[in-house]
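These numbers come from the heavy atoms of this one structure, side chains and all, not from hydrogens, waters or symmetry mates. Since the structure is predicted, the reported quantities are computational estimates derived from the model, not experimental observations.
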Amino acid sequence: MPVTPRAARQVATLSLVFGVALLAGAATGAWGESGTTPRPPSADTAGVAATIGAGQDPAGADLSEQQAEHLIGATGDRWGAYYSAQEYAEFSQGLDGRYLGVGLSVGRGEDGVTTVSQVRPAGPAAAAGIAVGDRLLRIGDDQADRLPVTEVVARLRGREGAERQPGSEVVLAVQREEGEEREVRLRRALLDSQQVTVEHLAGGVVRIAVRAFTSGVAEQVRAAARDARAGVVLDLRGNSGGLVDEAAGTAGVFLDGGPVGSYQDRGGTRELTAPPGGDQRTPLVVLVDGGTMSAAELLTGALQDRGRAVVVGARTFGKGTVQQPSRLADGAVLELTVGRYYTPAGRSPEGTGLAPDVPAGASEDAAALALRVLDGLGSRA
């Protein structure tokens, strides 16, 4: 199903509220607690909100949620968003690489059965003995199979008030294969969101999958890339974006300084540069798809423009704009678009996305194609 910019904004909001990577979950059938949405870099909103007053920043304005949503619609801002104070607090927490939950992800098969698809090591669910493949029967008094999966996740994380605090309790009924049903009481905790996954493949190839650019991701990628002897596959499929500085830092893992891109900042232009000293010799393939968004597109474009990587997969999502958050009088946050960002060659992915150097066919295994391309790069090294 095609995703409009407005729908994508709503998905991003749900990702914040539920802590779920909804775009990736819809594609794979796996829905987890952890996830985040891009936090925009600082930029000026002067003059954007005409109903607040020409040349005035909306910060500190007394607007209801309905008025804020009307303002977004009136300006035609496709990426504008309104967050309650609670939602934005969780938003910021997620970008610090943490989320509140019990440390498990769930999936629902064609038979309608809700099962545990992932368990976070050392989390509350793992400590209680919950394992991948266990069936989730009930949350509280409600049957899990009768709830939408998004509602299941929301209840695991806690929906509001006291439930949204570390130490709050959720009661689950689980069953392992044909074994006996058992009741488990879990206390929610702040957990690391684990945005980077590393896989060591044959022949000294390292696959580094990055789901979002939260705090510390660049250093995690740098550490993982040190183990690559024959090449790196940087998997940005389903990456929803995140902190621009972390994306630039990740570029610095593979570039020896130089431009990464630019964006508008308080009426001027801010140049993004990679830190010096990156590895420019190890063969690199960047794997992308229609879920590669925002800061992930900026990183892809930088590595592509500078001839450092071969980009494999499908055209990226096409979000190339910058949003500025302004806190309202009641603590809520209004986020408005203030401009676009551009790759080193002056391209903006907004609306069109970035085309891969090597497209993967509709029925082709993009990951396998990336390895074949990487093998070819290694043979020319």
| message | Checking T337 against T75 for the side chain to side chain contact (heavy atoms under 4.5 Å, CB included) test, could you report, in this order, the C-alpha distance in whole Å, the side-chain angles of both residues, the deciding distance, and whether it holds? | response | CA-CA 10 Å; T337 299; T75 59; over 6 Å; no
| message | Run V221 and F254 through side chain to side chain contact (heavy atoms under 4.5 Å, CB included) and show every step you take. | response | CA-CA 10 Å; V221 173; F254 307 104; 4.2 Å; yes
| request: Would you please test T114 and V149 for side chain to side chain contact (heavy atoms under 4.5 Å, CB included) and show each step? | output: CA-CA 8 Å; T114 306; V149 181; 5.8 Å; no
| side chain to side chain contact (heavy atoms under 4.5 Å, CB included) between T343 and Q304, intermediate numbers included | CA-CA 9 Å; T343 69; Q304 189 178 44; over 6 Å; no
| field | Derivation of the salt bridge (charged side-chain N to carboxylate O under 4.0 Å, His left out) call for E183 and R185 | value | CA-CA 7 Å; E183 185 176 276; R185 293 180 178 271; 3.8 Å; yes
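V312 has its side chain out of reach of P356: every pair of non-hydrogen atoms, C-beta onward, lies at least 4.5 Å apart. Contact annotation: the side chain of V106 never approaches that of R108 to less than 4.5 Å [non-hydrogen atoms, C-beta and beyond]. Two residues are said to be in side-chain contact when any heavy atoms from C-beta on lie closer than 4.5 Å; L377 and V310 meet this criterion. Side-chain atoms of R135 and D145, non-hydrogen and from C-beta on, do get closer than 4.5 Å to each other. The shortest side-chain heavy-atom distance between R78 and E350 falls under the 4.5 Å cut-off. Side-chain contact check for N239 versus R211: every heavy-atom pair is 4.5 Å or farther apart. When side chains are defined from C-beta on, V196 counts as touching I208, because their heavy atoms get closer than 4.5 Å.
The CZ atom of R207 sits 8.0 Å away from atom CG of L201, with the distance rounded to the nearest 0.5 Å. Summarising the geometry, atom CZ belonging to R176 is positioned 6.0 Å from atom CZ belonging to R182; distances are rounded to the nearest 0.5 Å. Distance CD/E181 to CG/L137: 5.0 Å, rounded to 0.5 Å. One finds the CG atom of L136 at 8.0 Å from the CD1 atom of I130 (value rounded to the nearest 0.5 Å). One finds the CZ atom of F317 at 10.0 Å from the OG atom of S294 (value rounded to the nearest 0.5 Å). The CD atom of Q67 sits 12.5 Å away from atom CD1 of I72, with the distance rounded to the nearest 0.5 Å.
Linking ILVMFWY side-chain heavy atoms closer than 4.5 Å, directly or via other members, places L299 and L354 in two distinct hydrophobic clusters. There is no path of hydrophobic side-chain contacts, each under 4.5 Å, that joins V244 to Y342. The cluster map of Ile, Leu, Val, Met, Phe, Trp and Tyr, joined by side-chain heavy atoms under 4.5 Å apart, puts L284 and F213 in the same cluster. Hydrophobic clustering (ILVMFWY, side-chain heavy atoms < 4.5 Å, transitive): L236 and V206 are in one cluster. Taken together through direct or relayed side-chain contacts under 4.5 Å among Ile, Leu, Val, Met, Phe, Trp and Tyr, L100 and V171 form parts of separate hydrophobic clusters.
When atom types are taken as modelled, the side chain of Q175 and the backbone of G179 share a donor-acceptor pair closer than 3.5 angstrom. Judged by distance alone, with hydrogens and angles left aside, the side-chain atoms of E163 form no donor-acceptor pair with the main-chain N or O of R157 at under 3.5 Å. The main-chain N or O of P124 is never found under 3.5 Å from a side-chain atom of R187 such that the two would form a donor-acceptor pair. Counting only distance, with no hydrogens or angles, the side chain of E199 and the backbone of A209 share no donor-acceptor pair below 3.5 Å. In this structure, R306 contributes its side chain and P259 its backbone to a donor-acceptor pair below 3.5 Å. No donor-acceptor pair under 3.5 Å is formed between the side chain of D134 and the backbone N or O of V116. Looking only at distances, a side-chain donor or acceptor of E246 sits under 3.5 Å from a matching main-chain atom of A218.
Atom CZ of R146 is surrounded by 12 or fewer heavy atoms from other residues, nucleotides or ligands within 6.0 Å. More than 12 heavy atoms of other residues, nucleotides or ligands sit less than 6.0 Å from atom CG of D111.
Between the side chains of E297 and T316, at least one donor-acceptor pair of N or O atoms lies under 3.5 Å. Using modelled atom types and a 3.5 Å distance limit, the side chains of E271 and T269 yield no donor-acceptor pair.
Of all non-hydrogen atoms in L298 and G261, the two that sit nearest each other are CD1-CA, 4.1 Å. The shortest heavy-atom contact between A274 and L255 is CB-CB, 4.3 Å. The minimum heavy-atom distance between D77 and E335, with the atom names listed, is OD2-O, 4.5 Å. The shortest heavy-atom contact between A355 and R315 is CB-NH2, 3.5 Å. Of all heavy-atom pairs spanning A295 and L243, the tightest one is CB-O, 4.5 Å. Residues V184 and V174 approach most closely at CG2-CG2, 3.9 Å, considering heavy atoms.
Evaluation of the side-chain contact (heavy atoms from CB on, under 4.5 Å) rule for D289 yields R237, T292 as partners, not counting sequence neighbours.
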